[in-house]
Amino acid sequence: MIPALYTHLGAAAVAAALVWQLQGARLGTELAEARLEAATQQLATSTAQRAADARVRQAEQAMNTKYQGALNAARDREALLRRDLDQLRAVADGLREQSADAARRLASAPPAAVLEYAAALGVVFEDSPRSVWGHGSKSCRARS
């Protein structure tokens, strides 16, 4: 009986070793599947993050393009307004010179010439509302 006992013990030891290996292989497979699932989740998260980053960059680029367009338009408008301001200053300087010249001429003009000049100015100022408002009514003169 002893040899049969050793045979059974040996067979039990071999069976235990095989079961141990089978359990190890099964657990190894489960571990590999868990790692694969984690890697798949990481890849999906990474892909979603890259897509979100791309959308953010695209929105940022669109906003920067819009901002740059508005900035360029503002600069163009500023240049146009500066040019207009320079022209208006030149006109104002010319009018100032004309006014000073007229004042000098009036100061040295004879009284008859001053009266004639005053009458001419009256006609000019009388016609001024008509040219601005289209007619010479008193209500238009009040607005001008």
Side-chain angles (χ1 to χ4, degrees), residues 1-109 113-114 116-144:
M1 244 201 190
I2 292 191
L5 180 65
Y6 288 127
T7 305
H8 285 351
L9 279 175
V14 168
L18 288 175
V19 167
W20 187 267
Q21 282 184 339
L22 179 65
Q23 285 291 0
R26 192 180 68 172
L27 290 175
T29 302
E30 288 178 8
L31 182 61
E33 286 176 359
R35 285 182 181 163
L36 176 64
E37 186 177 332
T40 304
Q41 287 289 346
Q42 256 183 339
L43 179 62
T45 302
S46 175
T47 302
Q49 183 64 41
R50 280 196 305 269
D53 289 345
R55 286 191 304 272
V56 167
R57 279 192 304 274
Q58 185 179 13
E60 184 178 292
Q61 185 178 18
M63 187 171 59
N64 286 340
T65 301
K66 188 175 183 179
Y67 169 77
Q68 192 62 44
L71 186 62
N72 289 341
R75 285 180 180 157
D76 292 345
R77 181 163 170 77
E78 179 188 16
L80 179 67
L81 290 174
R82 285 185 187 276
R83 189 190 74 214
D84 290 349
L85 179 63
D86 290 342
Q87 289 174 348
L88 290 174
R89 282 182 179 155
V91 168
D93 289 344
L95 290 174
R96 236 181 259 111
E97 288 175 20
Q98 286 179 2
S99 175
D101 183 47
R104 282 191 298 271
R105 282 189 283 149
L106 276 177
S108 63
V114 172
E116 185 179 325
Y117 183 70
L121 279 178
V123 170
V124 167
F125 285 121
E126 183 65 30
D127 286 345
S128 178
R130 284 187 210 133
S131 64
V132 172
W133 300 105
H135 50 78
S137 70
K138 290 185 179 187
S139 62
C140 290
R141 278 187 232 139
R143 282 187 266 166
S144 64

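Side-chain atoms are counted along with the backbone in the values below, which use heavy atoms only and exclude waters and symmetry mates. Numbers for residues simply follow the sequence, beginning at 1.
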The reported gap from CG in Leu85 to CG in Leu81 (rounded to nearest 0.5 angstrom) is 8.5 Å
Does any pair with a residue in residues 68-86 pass salt bridge (Lys or Arg N to Asp or Glu O under 4.0 Å), and if so which ones, sequence neighbours excluded?
-> Glu78-Arg82
Test item: Arg26 and Thr29 side chains (from C-beta on) under 4.5 Å apart, heavy atoms | no
Verify whether one side chain among Ser108 and Arg104 offers a donor that lies under 3.5 Å from an acceptor in the other.
-> no
Spacing of Thr7 atom OG1 and Ile2 atom CD1 [to the nearest 0.5 Å] | 11.5 Å
Pairwise distance CD(Gln23) to CG(Leu18) - rounded to 0.5 angstrom | 12.0 Å
Side chains of Leu27 and Glu30: closer than 4.5 Å at any heavy-atom pair?
-> yes
Look at the side chain of Thr40 and the backbone N and O of Leu36, then say whether any donor-acceptor pair between them is shorter than 3.5 Å.
-> yes
Give, for atom CG of Asp93 and atom CD of Glu97, the distance between the pair rounded to the nearest 0.5 Å.
-> 6.5 Å
If you draw a 6.0 Å radius around CD in Gln42, do more than 12 non-hydrogen atoms from other residues or ligands fall strictly inside?
-> no
Does a side chain donor of either Arg55 or Gln58 reach within less than 3.5 Å of an acceptor in the other side chain?
-> no
Side chains of Asn64 and Gln68, donor plus acceptor under 3.5 Å | no
